[in-house]
Q: 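Dropping the structure in here first, questions after.
All heavy atoms count here, side chains included; hydrogens, waters and symmetry mates do not.
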Amino acid sequence: MTPADLVVTPMGLRFLGRVFPCTVGRGGIVPAAAKREGDGATPTGEHRLVGMLYRPDRMARPADWALPIGPGDLWSDDPRDEDYNTWVRAPHGFSHEHLRRADPMYDLVIVTGWNWPDAEPGRGSAIFIHQWRRPGAPTEGCVALSRRDLHWIAARITPRTRLVVRL
């Protein structure tokens, strides 16, 4: 681990010498081998950051490598889908999450490399870093932060930054 990694600890998310309050999945943190679709758990491991998505109608581009979320953008969470655990477009005939939400939770999304690019069906999808609903509210398996902290972090991560989650 390096100071440039995002490290989930019992005290919060450690990054560049600071600690930020964060939340994890409602199912807690589980060993990577035990992670399953829909369990609400955050998997352990050293996860690469493979993308950043943002709502251009709600904020300025947070980094030069960030991609805009459009009205038809979805994330496949259906293990039967050949595009499981990838960014897809509507209409999409399989179960999915809407990336363009009415609430601000996905205004800025950092995409991890969990179960990607060659997704194993049922091992879990959409492990993101995003804005929390409110302090202390668990996620469906992602790591969530306050809007202010998420934006501060997004401006400072690099292609070498990893999300490190341990039990």
Q: When you check the gap from the basic side-chain N to the acidic O, do D103 and R133 get nearer than 4.0 Å?
A: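 So D103 does not pair with R133 through a salt bridge.
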Q: Could you check whether any side-chain N or O of K35 sits under 3.5 Å from a backbone N or O of V30, counting only pairs where one atom can act as donor and the other as acceptor?
A: no
Q: Can you check whether L150 reaches F20 side chain to side chain, under 4.5 Å on heavy atoms?
A: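 Heavy-atom side-chain distance check fails, nothing below 4.5 Å.
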Q: For R101, is there any backbone N or O sitting under 3.5 Å from a side-chain donor or acceptor partner on R55?
A: yes
Q: For residues C22 and G12, report the shortest heavy-atom separation together with the two atoms involved.
A: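 For C22 and G12, the tightest heavy-atom pair comes out as SG-C, 3.9 Å.
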Q: Between the side chain of R162 and the main-chain N/O of G45, is any donor-acceptor distance below 3.5 Å?
A: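 No; zero donor-acceptor contacts below 3.5 Å.
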Q: Say whether V24 and L49 are linked into one hydrophobic cluster, either directly or through other cluster members, by side-chain heavy-atom distances under 4.5 angstrom.
A: yes
Q: Checking D77 side chain against E37 main chain: does a donor-acceptor pair fall under 3.5 Å?
A: no
Q: With the 4.5 Å side-chain cut-off for hydrophobic clustering, are L16 and V8 part of the same group?
A: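 In one cluster: yes.
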Q: So, the side chain of T42 versus the backbone of G141: is there a donor-acceptor pair under 3.5 Å, distance only?
A: yes
Q: Would D81 and S76 count as a side chain to side chain donor-acceptor pair (under 3.5 Å) if you check the C-alpha gap in whole Å, the side-chain angles of each, and the deciding distance to 0.1 Å?
A: CA-CA 7 Å; D81 186 356; S76 174; 2.7 Å; yes
Q: Any donor-acceptor pair under 3.5 Å linking the side chain of T44 with the backbone of V165?
A: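 Not at all, since once roles are kept as given, no pair shorter than 3.5 Å links the two residues.
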Q: Is there a side-chain contact between R123 and W114, using heavy atoms and a 4.5 Å cut-off?
A: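 Counting from C-beta outward, R123 and W114 do come under 4.5 Å.
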Q: Among L108, I69, I110, whose side-chain contact (heavy atoms from CB on, under 4.5 Å) with L53 holds?
A: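 Going through L108, I69, I110 one by one, the side-chain contact (heavy atoms from CB on, under 4.5 Å) with L53 is satisfied by I69 alone.
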Q: Within the side chain of T112, is there an N or O that forms a donor-acceptor pair under 3.5 Å with the backbone of R48?
A: no
Q: If you group Ile, Leu, Val, Met, Phe, Trp and Tyr by side-chain heavy-atom gaps below 4.5 Å, do L163 and M105 land in one group?
A: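 Different clusters.
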Q: Is there a donor-acceptor pair closer than 3.5 Å between any side-chain N or O of D39 and the backbone N or O of R36?
A: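 A pair under 3.5 Å: yes.
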Q: For a quick test of reading the model, state the closest non-hydrogen atom pair linking A41 to I127 and the distance between them.
A: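 Nearest pair, atom of A41 first, then I127: O-CD1, 4.3 Å.
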Q: Would you say the side chain of D78 lies within less than 4.5 Å of the side chain of H96, judging by non-hydrogen atoms?
A: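 No. Closest side-chain heavy atoms not under 4.5 Å.
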Q: Would you name the heavy atoms of H130 and C142 that are closest together and state the gap between them?
A: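 Smallest heavy-atom distance, with atoms named: NE2-CB, 3.4 Å.
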Q: Check for me whether the distance between the ring centres of Y106 and Y54 falls short of 6.0 Å.
A: no
Q: Is there a donor-acceptor pair closer than 3.5 Å between any side-chain N or O of T23 and the backbone N or O of A137?
A: yes
Q: Under 4.0 Å between a Lys/Arg side-chain N and an Asp/Glu carboxylate O for D57 and R100?
A: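 Salt bridge present between D57 and R100.
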Q: Could you check if a side-chain atom of F15 sits within less than 4.5 angstrom of a side-chain atom of I157, using non-hydrogen atoms only?
A: yes
Q: What pair of heavy atoms forms the shortest contact from P79 to P121, and how long is it?
A: O-CB, 3.5 Å
Q: Determine, step by step, whether L13 and L145 satisfy the side-chain contact (heavy atoms from CB on, under 4.5 Å) criterion, reporting the C-alpha distance in whole Å, the side-chain angles of both residues, the deciding distance to 0.1 Å, and the verdict.
A: CA-CA 9 Å; L13 184 90; L145 301 135; 3.9 Å; yes
Q: Do L99 and V88 share a hydrophobic cluster, counting only Ile, Leu, Val, Met, Phe, Trp and Tyr and linking them when any side-chain heavy atoms are less than 4.5 Å apart?
A: no
Q: Once the angle between the rings of H92 and F94 is folded into 0 to 90°, is it parallel (under 30°), tilted (30 to 60°) or perpendicular (over 60°)?
A: tilted
Q: So, R166 and E46, do they make that salt bridge, N to O below 4.0 Å?
A: yes
Q: Using side-chain heavy atoms (C-beta onward) and a distance below 4.5 Å, is E140 in contact with E97?
A: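 No, side chains not in contact.
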Q: Please report the shortest heavy-atom distance between S125 and W75, naming the atom on each side.
A: CB-NE1, 4.4 Å
Q: Might you point out which heavy atoms bring W87 and L74 nearest each other, and give the distance in Å?
A: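 Closest approach of W87 to L74: CD1-O, 3.3 Å.
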Q: Considering only heavy atoms from C-beta outward, does the side chain of R147 approach that of D107 to under 4.5 Å?
A: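 SC-SC contact between R147 and D107 confirmed.
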Q: Answer yes or no: is there a side-chain heavy-atom contact under 4.5 Å between T158 and R160?
A: yes
Q: Going by heavy atoms in the side chains, are I153 and L6 under 4.5 Å from each other?
A: yes
Q: According to a 4.5 Å side-chain heavy-atom criterion applied to Ile, Leu, Val, Met, Phe, Trp and Tyr, with indirect links allowed, do W132 and V19 form part of one hydrophobic cluster?
A: no
Q: Whether the side chain of N85 engages the backbone of A119 through a donor-acceptor N/O pair (distance < 3.5 Å, no angle test) should be reported.
A: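 Flag not set: sc N85 to bb A119 has no pair under 3.5 Å.
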